[in-house]
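What follows is a short report on a single structure.
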Amino acid sequence: MLTVTRQIIIVCITLSSIASLYSCTPNQREADDTVIASVAGKTLTIGDAKNKIPVFVIEQDSISAIQSFANQWVQQQVSLDHARRLGIQNTDRFYQRIRQYEEELLINLLKEHILETNESQIEVSNEEALTYYQSHREQLTFDEKYVRFRLISTRTRADAENANRDLINGLEWEDIVERYSINPDLQLRQSTQFWPISMAATDIPPVNQNLRTLGISERSPIHYFGNHYHLVQLMDERTEGEYPDLDWLIPQIAEWLKLERSRRITNAYLRNLYLQADTNNEIELRDVSYIEQILKQQ
């Protein structure tokens with residue numbers, strides 16, 4: 001008689017079967033549609049696995065990569081099935097977390113919408129960057145350290161720890177950001193630029209402090225700030241006293257100006273939303289003295 005676990009899980013994945021699919025099947029679509037694992041009626045195909053495994057991992061050893069992914073997928077599905085049987089999806093904690101993620105996603109998508117609808121005002125041409133350089137030439141020498149870094153901000157500490165582990169294991173930065181970051185597009189774009197140390201991640205003070213002392217490739221501790229967890233890795237730096245090469249500097253200036261315009265437009269839009277809501281008497285905000293009085297009564 002089958003055990004409960006074996007009744008729930010039917011895993012049909014072997015090295016030889018995957019190898020034969022890659023070497024003998026003439027129709028790639030047929031191979032991709034082949035089921036290699038199933039759990040309680042849910043199935044995993046070769047194509048599903050290939051779509052979710054980083055390309056560089058597939059290229060190194062496709063058979064081992066797919067087998068490892070399938071094993072992890074089975075473990076995940078077993079956990080999900082058990083969680084649903086326990087009714088965790090019906091708990092207050094679950095709905096609170098869903099609402100939190102929904103609110104964060106809505107705000108991020110609103111900001112993306114603001115930038116998309118104002119795209120023409122955000123773009124910076126090389127001519128504009130060159131004009132800015134000519135007007136601020138003396139200020140744009142390396143009178144301070146410039147750094148290029150990878151910053152990832154996550155919702156949970158577990159995500160930050162997993163991102164740190166993946167960095168250690170040499171996984172592709174693009175895949176790590178896409179998997180764990182609360183704003184992957186922004187943090188991926190920021191990681192390609194050099195920043196004056198005085199401007200580097202200044203909205204997250206502990207990260208800015210870390211960037212002043214980290215060595216190349218070193219990673220910071222995980223910081224909790226602004227309701228998120230943050231990890232930074234220093235990738236490169238330009239030392240104080242150097243004079244920047246113009247071919248390098250102009251694209252940097254263009255990106256800084258673009259990000260500054262993006263922040264200015266987004267902040268102005270959100271500020272106008274606040275003022276409009278305030279004018280319509282939709283906001284009720286207690287002052288500091290009232291909050292202090294309530295806290296003293298506890």
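Residue numbers start at 1 and run along the sequence shown.
- Of the charged side-chain nitrogens involved, at least one lies within less than 4.0 Å of a carboxylate oxygen, so that E161 and R157 count as a salt-bridged pair.
- With hydrogens and angles disregarded, no donor-acceptor distance shorter than 3.5 Å links the side chain of W256 to the backbone of Q193.
- Taking the charged nitrogens against the carboxylate oxygens, K296 and E292 do have a contact shorter than 4.0 Å, which makes a salt bridge.
- Using a 4.0 Å cut-off between charged nitrogen and carboxylate oxygen, R179 and D175 do not count as a salt-bridge pair.
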Checklist entry - S153 and Q187: side chain to side chain donor-acceptor pair (under 3.5 Å), yes or no, with the steps? => result CA-CA 8 Å; S153 302; Q187 296 201 315; 3.0 Å; yes
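- For the pair R155 and Y229, the NZ or CZ position fails the cation-pi test of under 6.0 Å to the six-membered ring centre and within 45 degrees of the ring normal.
- Classification of R261 and E128 as a salt-bridged pair holds, one side-chain N sitting under 4.0 Å from a carboxylate O.
- Going from atom NE2 of H223 over to atom NE2 of H230 covers 9.5 Å, rounded to the nearest 0.5 Å.
- Counting heavy-atom neighbours within 6.0 Å of E112 CD, excluding the residue itself, gives a total above 12.
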Checklist entry - Could you walk me through whether E255 and R189 pass the salt bridge (Lys or Arg N to Asp or Glu O under 4.0 Å) check? => result CA-CA 9 Å; E255 184 64 20; R189 188 169 72 251; 3.3 Å; yes
Next on the checklist: Could you go through D48 and T45, starting from their C-alpha distance and side-chain angles, then the distance that decides it, and tell me whether this counts as side chain to side chain donor-acceptor pair (under 3.5 Å)?
Outcome noted: CA-CA 5 Å; D48 293 333; T45 66; 3.0 Å; yes
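- Residues L270 and K111 are in side-chain contact: their nearest non-hydrogen atoms beyond the backbone lie under 4.5 Å apart.
- If you chain together hydrophobic residues whose side chains sit under 4.5 Å apart, Y269 and L186 never meet in one group.
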Next on the checklist: Checking N183 against S181 for the side chain to side chain donor-acceptor pair (under 3.5 Å) test, could you report, in this order, the C-alpha distance in whole Å, the side-chain angles of both residues, the deciding distance, and whether it holds?
Outcome noted: CA-CA 5 Å; N183 197 337; S181 173; over 6 Å; no
Next on the checklist: Determine whether N267 and R271 satisfy the following criterion, side chain to side chain donor-acceptor pair (under 3.5 Å), listing intermediate values before the conclusion.
Outcome noted: CA-CA 6 Å; N267 290 340; R271 178 63 178 171; over 6 Å; no
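- Using a cut-off of 4.0 Å between Lys/Arg side-chain N and Asp/Glu carboxylate O, R263 and E260 are scored as salt-bridged.
- Each of I182 and L188 belongs to its own hydrophobic cluster when Ile, Leu, Val, Met, Phe, Trp and Tyr are linked at side-chain heavy-atom distances under 4.5 angstrom.
- Relative to the six-membered ring of Y290, R286 meets both conditions, a distance below 6.0 Å and an angle of at most 45° to the axis.
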